[in-house]
Amino acid sequence: MTDSAPAAAGGTLNDPFSQLTGALAGTTRMHLEVVESRRLTPGMQRLVLTAPELASLENQPGQDVMLMVDTDASRPVRRRYTIRALDRGLRLLTLEVVRHGDGPGERWVAADGPGDQIEGIGPRGKIFLAEAADWHLFIGDFSALPAFFAMAGALPAGSRALVILEVPDPADEQELATRAAAGLTWLHQLGRPAGDPSALVAAAAAAALPADGRGHAYLAGEAGVVLALRETLAARGLTPEQISPKAYWGLGRANAPHGEPARDA
C-alpha cells in the first residue's frame, strides 16, 4: 500500500487548505484508497476509490472532489475530478478522468493502482441542475462528459434534455443512462486540435431547442470554448440567468495548484 502523493521534503506542507473554511466550509477531507483503475475508453480512465468518510458524504450531481496528486516543494498540487457515482453503502467513489499528454493529474492517474492512497476534499462545485427549467441543454468538450452524464442521468422522468459532447474519437463515446427524454449528439475531433471551438459553436448555433418552456444551458470545457458557447447561446436569446458556464481547463496553460484554470495576472 503506497501513498501516491508524497509529502514535501522535511514532511511539512504549506497547505492553504489545511483548514476547511471559507469556500471549503461544508466539505470533507477524505483518506482515499484506490480500489480499481482501468481504461474505460481510449481517452478516459475510470477510478474507483474507497474511504470511511464516503458513508456520510452528500453531493449534488456534477460536483467534484479535489485530489492531492503531487507536491511542488512545500505546496500541495491538487486536481478536481467530477463525482461520476457515489455508493455510500459500499463507501465507493467513482471518478472518470480524461487522459492527456502530461501534467500532475495525468502522471498520478498513470501511476496509481489498487492500494494506493491519496487525500481528497469534497464535494466541491456550485453549478447544479436548474430544477425549475422546462428543458436542459448540456454542451461541452470531452472534459465535460463525466459531469454532464452525472447531471443528465439525475434528471427525473418527464424531463427534456439535449446533450452535445465533443470527444476525440468515436471510440470515446459512452452510453447515457437517464430517465429523461434526452437527445445525445456526438462530435468527433478526429485530429482537430483540442480547444478548437468551431464544431461545438456550430452545434450550439444549429441545435433544435424546444420552442416551449424556459430552458437552462450548462457549458463546460476549455475556457475559450466555454466563452464562445456562452456568446452563441446569448445570441440565440438565452439570458445570463439561463446559462451556467464552467471552465475546466485553459488551452496552453497548466491549471493552478488548487485545480482551477490559471488566470491572467
Side-chain angles (χ1 to χ4, degrees), residues 23 26 44 57-65 80-86 88 94-96 98 122-167 172-188 197-249:
M44 189 77 74
L57 193 73
E58 297 290 338
N59 72 294
Q60 299 226 36
Q63 286 190 297
D64 60 57
V65 294
R80 295 174 62 170
Y81 301 114
T82 298
I83 297 171
R84 187 67 181 84
L86 174 62
R88 297 180 188 87
T94 300
L95 310 176
E96 290 178 3
V98 172
R124 297 206 59 183
K126 298 179 181 178
I127 293 179
F128 308 129
L129 288 168
E131 295 182 359
D134 297 298
W135 50 266
H136 305 262
L137 170 65
F138 302 88
I139 181 165
D141 67 20
F142 194 29
S143 66
L145 190 158
F148 285 177
F149 269 37
M151 296 173 78
L155 289 171
S159 300
R160 291 178 291 170
L162 175 61
V163 183
I164 302 173
L165 282 163
E166 184 176 50
V167 297
D172 284 306
E173 296 179 10
Q174 297 184 33
E175 183 176 350
L176 173 62
T178 180
R179 293 172 293 170
L184 177 56
T185 298
W186 294 105
L187 307 176
H188 305 126
S198 57
L200 283 167
V201 166
L209 304 180
D212 61 312
R214 182 175 175 85
H216 196 92
Y218 313 84
L219 319 176
E222 196 279 327
V225 172
V226 171
L227 177 59
L229 290 172
R230 189 174 187 175
E231 293 172 345
T232 300
L233 293 177
R236 295 197 63 179
L238 272 70
T239 66
E241 293 75 21
Q242 291 177 275
I243 302 175
S244 292
K246 178 61 181 176
Y248 286 155
W249 61 284

### Task
Examine distances only and state if a side-chain atom of Glu231 and a backbone atom of Ala228 form a donor-acceptor pair shorter than 3.5 Å.
no

#### Entry: Closest non-hydrogen atom pair, Ala130 against His136
O-CE1, 3.3 Å

### Task
Check the pair Arg179, Leu155 against side-chain contact (heavy atoms from CB on, under 4.5 Å), reporting the backbone distance first and the verdict last.
CA-CA 7 Å; Arg179 293 172 293 170; Leu155 289 171; over 6 Å; no

### Closest contact, heavy atoms only, Met44 versus Asp172
N-OD1, 4.2 Å

#### Entry: Contact summary for Gln60 and Gln63, nearest pair of heavy atoms
N-OE1, 2.8 Å

#### Entry: Listed partners of Arg84 passing salt bridge (charged side-chain N to carboxylate O under 4.0 Å, His left out), at least two apart
Glu96

### Task
Kindly indicate whether the side chain of Thr94, heavy atoms from C-beta on, has any atom under 4.5 Å from the side chain of Leu86.
no

### Query
Do Leu219 and Leu233 come within less than 4.5 Å of each other through their side chains, counting heavy atoms only?
yes

### Task
With sequence neighbours excluded, tell me which residues meet salt bridge (charged side-chain N to carboxylate O under 4.0 Å, His left out) with Glu58.
Arg88

### Query
Any idea which heavy atoms bring Ala203 and Leu187 closest together, and the distance?
CB-CD1, 4.0 Å

### Task
For Ser244, enumerate each residue passing the side-chain hydrogen bond (donor to acceptor under 3.5 Å, both in side chains) test, keeping only those at least two apart in sequence or located in another chain.
His216

### Task
Would you check if Glu222 and Tyr248 make a side-chain contact, meaning some heavy-atom pair closer than 4.5 Å?
no

### Task
Please confirm whether the backbone N or O of Ala204 pairs with a side-chain atom of Arg236, one donor and one acceptor, at under 3.5 Å?
yes

### Message
With a 4.5 Å cut-off on side-chain heavy atoms, are Glu173 and His188 touching?
### Response
yes

### Query
Can you find a pair of side-chain heavy atoms, one from Tyr218 and one from Ile139, that are under 4.5 Å apart?
no

### Task
Please round to the nearest 0.5 Å and tell me the distance separating atom OG1 of Thr232 and atom CG of Leu238.
11.0 Å

### Query
Relative to each other, are the rings of Phe149 and Trp186 parallel, tilted or perpendicular (30° and 60° limits)?
tilted

### Message
When you compare the side chain of Leu162 with that of Trp135, does any pair of heavy atoms fall below 4.5 Å?
### Response
no

### Message
Is there a side-chain contact between Phe128 and Met151 in this structure, where contact means two heavy atoms from C-beta onward sitting under 4.5 Å apart?
### Response
no

### Message
Minimum heavy-atom separation for Leu129 and Ala154, please, with both atom names.
### Response
CD1-CB, 4.2 Å

### Query
Where do Val163 and Thr178 land on the side-chain contact (heavy atoms from CB on, under 4.5 Å) test, with the steps shown first?
CA-CA 12 Å; Val163 183; Thr178 180; over 6 Å; no

### Query
side-chain hydrogen bond (donor to acceptor under 3.5 Å, both in side chains) with Glu166: which residues, sequence neighbours excluded?
Arg192

#### Entry: All salt bridge (charged side-chain N to carboxylate O under 4.0 Å, His left out) counterparts of Asp64, not counting sequence neighbours
Arg80

## Note on the structure
When Leu200, Leu145, Leu176, Asp141 are each screened for side chain to side chain contact (heavy atoms under 4.5 Å, CB included) with Leu165, the one that passes is Leu145

### Beyond-backbone contact of Pro123 with Ile83, side-chain heavy atoms, under 4.5 angstrom
yes

### Message
Which residues pass the salt bridge (charged side-chain N to carboxylate O under 4.0 Å, His left out) test with Arg160, not counting sequence neighbours?
### Response
Asp212

#### Entry: CA sep, side-chain torsions, deciding dist, call: Lys246, Val226, side-chain contact (heavy atoms from CB on, under 4.5 Å)
CA-CA 7 Å; Lys246 178 61 181 176; Val226 171; over 6 Å; no

## Note on the structure
Heavy-atom nearest pair, Ala23 first then Arg124, reads CB-NH2, 4.4 Å

